[in-house]
Undergrad: 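The structure under discussion is supplied below as structure tokens; questions concerning it will follow.
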Amino acid sequence: MSPASPDTPTRHDQHGRYPRAETVEEFAHNLAVVHKRIADACRRAGRDPAQVRLLPVSKTIDEARIRLAYQAGCRLLGENKVQEAHHKWEAMQDLGDLQWSVIGHLQTNKAKLVARFASEFQALDSLRLAETLDRRLQHEGRSLDVFVQVNSSGEDSKFGLPPSDVAAFLRALPQFTALRVRGLMTLALFSADAERVRACFVRMRELRDRLRQDAPANVGLDELSMGMSGDFEIAIEEGASVVRVGQAIFGARAVPDSHYWPG
């Protein structure tokens, strides 16, 4: 348990209730609210808010509303399904500085799409996928920031490596020279029990700190991507450097999370 703020609750009770942003002003307001939540969590934990990157998650959001979010300041967006992300990337080529982070499970047969357009991939969880991505990136003449996904909750339904497998996995990654390893990513337990959620984030921070001692020289472990709309304050208190926030920015989604995350 973090000594900074042991009583911080989750906000999973708001899941599906966030009002839908429909104007640039509403997006700007929602972004300001989220940034304040980030700053408040950092203050409780004695951290600098500049150490935490907000990744707005635009899954299921149509092009028109993404353009409004862009006008409100969003320049990097997270997407779970690579085909959906690739379609949006193609449709918004006129927004030259808009970048895309793929944060959902990726099948190897779709790695070529990620290699073509993504600036970041946060769900690396197999050497087969690493090899395929590396080969496709070499073909495209590109490199890619990647995060290794870890199953911190131990749920069978979740993707990601077991914590005990991560060290060996990291040792194998330097051979894939187009992949720039930045850190670890996880999905915590989806629960109203804040301490069970916090335990997932503590497990990740402690794992990262242990792995840093023996990680290959060119494998970066500075980043911890963890926390979503309902629990990112707790994640920040436990060391998150990237928080993935969708509904608190865009509003409630019509498509249930089960369509995007394992249940």
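Values reported hereafter were calculated over all heavy atoms of this structure, with side chains retained and with hydrogens, waters and symmetry mates removed.
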Undergrad: Under the side-chain contact (heavy atoms from CB on, under 4.5 Å) criterion, do L54 and I249 qualify, and how do the steps go?
TA: CA-CA 11 Å; L54 171 62; I249 294 171; 4.1 Å; yes
Undergrad: Look at the side-chain heavy atoms of Ile, Leu, Val, Met, Phe, Trp and Tyr, link any pair under 4.5 Å apart, and say whether V242 and I234 land in one connected group.
TA: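 V242 and I234: separate clusters.
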Undergrad: Might you work through the side-chain contact (heavy atoms from CB on, under 4.5 Å) test for D231 and M226, ending with a clear yes or no?
TA: CA-CA 9 Å; D231 59 18; M226 55 190 197; over 6 Å; no
Undergrad: Do L106 and L77 belong together in a cluster built from hydrophobic side chains that touch within less than 4.5 Å?
TA: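 Result: yes, single cluster for both.
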Undergrad: Check whether F201 and V243 end up in the same hydrophobic cluster, where Ile, Leu, Val, Met, Phe, Trp and Tyr are linked by side-chain heavy atoms less than 4.5 Å apart.
TA: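 Cluster IDs for F201 and V243 match.
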Undergrad: Residues in side-chain contact (heavy atoms from CB on, under 4.5 Å) with D209, at least two apart?
TA: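 Expected list: R205, R212.
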Undergrad: Under 4.5 Å between side-chain heavy atoms, hopping through other hydrophobics if needed: is there a path connecting V219 to L184?
TA: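 Linked, V219 and L184 end up in one cluster.
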Undergrad: Stepwise, does the salt bridge (charged side-chain N to carboxylate O under 4.0 Å, His left out) test hold for E238 with R198?
TA: CA-CA 8 Å; E238 298 302 341; R198 186 182 297 276; 2.7 Å; yes
Undergrad: Any sub-3.5 Å donor-acceptor pair from R196's side-chain atoms to L189's backbone N or O?
TA: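 No, R196 side chain to L189 backbone: no donor-acceptor pair under 3.5 Å.
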Undergrad: For D222 and R182, indicate whether the former's side chain and the latter's backbone hold a donor-acceptor pair under 3.5 Å.
TA: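 No: the side chain of D222 does not pair with the backbone of R182.
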Undergrad: Determine, step by step, whether E131 and R128 satisfy the salt bridge (charged side-chain N to carboxylate O under 4.0 Å, His left out) criterion, reporting the C-alpha distance in whole Å, the side-chain angles of both residues, the deciding distance to 0.1 Å, and the verdict.
TA: CA-CA 5 Å; E131 190 278 328; R128 182 166 174 254; over 6 Å; no
Undergrad: Roughly how far, to the nearest 0.5 Å, is CZ of F232 from CG of L55?
TA: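 Answer for the CG-CZ pair, L55 versus F232, is 12.5 Å.
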Undergrad: Which residues satisfy the side-chain hydrogen bond (donor to acceptor under 3.5 Å, both in side chains) test with Q213, sequence neighbours excluded?
TA: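 By the side-chain hydrogen bond (donor to acceptor under 3.5 Å, both in side chains) rule, Q213 matches no residue at all.
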Undergrad: Under a 3.5 Å distance rule, please check whether K59 uses its side chain to pair with a backbone N or O of G104 as donor and acceptor.
TA: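 Such a contact is absent between K59 side chain and G104 backbone.
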Undergrad: Return the set of residues passing side-chain hydrogen bond (donor to acceptor under 3.5 Å, both in side chains) with R171 (not counting sequence neighbours), or none when no residue passes.
TA: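 R171: no side-chain hydrogen bond (donor to acceptor under 3.5 Å, both in side chains) contacts found.
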Undergrad: Taking everything shown except D156 itself, do over 12 heavy atoms lie less than 6.0 Å from its CG?
TA: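 Count not over threshold, so no.
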Undergrad: Listed by chain and number, what are the ring pair (Phe, Tyr, Trp, His ring centres under 6.0 Å) partners of F250, not counting sequence neighbours?
TA: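 F250 satisfies ring pair (Phe, Tyr, Trp, His ring centres under 6.0 Å) with F27 only.
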Undergrad: Can you list the residues that meet the salt bridge (charged side-chain N to carboxylate O under 4.0 Å, His left out) rule with K36, with sequence neighbours excluded?
TA: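 Counting only residues at least two positions away or on another chain, K36 forms a salt bridge (charged side-chain N to carboxylate O under 4.0 Å, His left out) with D40.
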Undergrad: S229 vs V57, test: side-chain contact (heavy atoms from CB on, under 4.5 Å). Steps then yes/no.
TA: CA-CA 10 Å; S229 290; V57 177; over 6 Å; no
Undergrad: Of all residues at least two apart in sequence or in a different chain, which pass the salt bridge (charged side-chain N to carboxylate O under 4.0 Å, His left out) check with R136?
TA: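 Testing R136 for salt bridge (charged side-chain N to carboxylate O under 4.0 Å, His left out), a comparison that skips the adjacent residues, returns none.
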Undergrad: Under 3.5 Å, is there a donor-acceptor pair between the Q122 and S225 side chains?
TA: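 Judged by distance alone, the side chains do pair up.
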Undergrad: Sequence neighbours excluded, which residues qualify as side-chain contact (heavy atoms from CB on, under 4.5 Å) partners of R203?
TA: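 Counting only residues at least two positions away or on another chain, R203 forms a side-chain contact (heavy atoms from CB on, under 4.5 Å) with A199, C200.
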Undergrad: Check whether more than 12 heavy atoms from other residues, nucleotides or ligands sit under 6.0 Å from atom CD of Q93, and answer yes or no.
TA: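 Yes.
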Undergrad: Who passes salt bridge (charged side-chain N to carboxylate O under 4.0 Å, His left out) against R142, sequence neighbours left out?
TA: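 Result, salt bridge (charged side-chain N to carboxylate O under 4.0 Å, His left out) vs R142: none returned.
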Undergrad: My understanding is that only residues two or more places apart in sequence, or in another chain, count here; which of them pass side-chain hydrogen bond (donor to acceptor under 3.5 Å, both in side chains) with S191?
TA: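 Here no residue qualifies.
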Undergrad: Could you go step by step and tell me if D145 and E223 meet the side-chain contact (heavy atoms from CB on, under 4.5 Å) rule?
TA: CA-CA 11 Å; D145 287 348; E223 303 283 355; over 6 Å; no
Undergrad: Would the distance check show the side chain of D125 and the main-chain N or O of L161 forming a donor-acceptor pair, the cut-off being under 3.5 Å?
TA: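 Checking the backbone N and O of L161 against the side chain of D125, no donor-acceptor pair under 3.5 Å is found.
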Undergrad: Can you check whether W100's main-chain N or O pairs, donor with acceptor, with S119's side chain at less than 3.5 Å?
TA: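 Checked: pair present.
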Undergrad: Can a side-chain donor-acceptor contact be found between T60 and E84 if the only test is distance below 3.5 angstrom?
TA: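 On atom types as modelled, these side chains do not qualify, holding no pair under 3.5 Å.
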Undergrad: Check whether the side chains of S241 and Q51 place a donor and an acceptor atom closer than 3.5 Å, and report yes or no.
TA: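 On atom types as modelled, these side chains do not qualify, holding no pair under 3.5 Å.
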Undergrad: Would you please name every residue forming a side-chain contact (heavy atoms from CB on, under 4.5 Å) with E22, sequence neighbours left out?
TA: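 Residues passing side-chain contact (heavy atoms from CB on, under 4.5 Å) with E22: R20, E26, R65.
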Undergrad: Would you please name every residue forming a side-chain contact (heavy atoms from CB on, under 4.5 Å) with D97, sequence neighbours left out?
TA: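 Listed in chain order: Y70, R75.
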Undergrad: Donor-acceptor pair, K158 side chain versus T186 backbone, under 3.5 Å?
TA: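 Looks like no, no N/O pair under 3.5 Å.
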Undergrad: In chain order, what residues pass the salt bridge (charged side-chain N to carboxylate O under 4.0 Å, His left out) check against K112, with sequence neighbours excluded?
TA: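 Applying salt bridge (charged side-chain N to carboxylate O under 4.0 Å, His left out) to K112 gives none.
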Undergrad: Could you measure the distance from the CZ atom of R11 to the CZ atom of R37? Nearest 0.5 Å is fine.
TA: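 Reported value, rounded in 0.5 Å steps: 4.0 Å.
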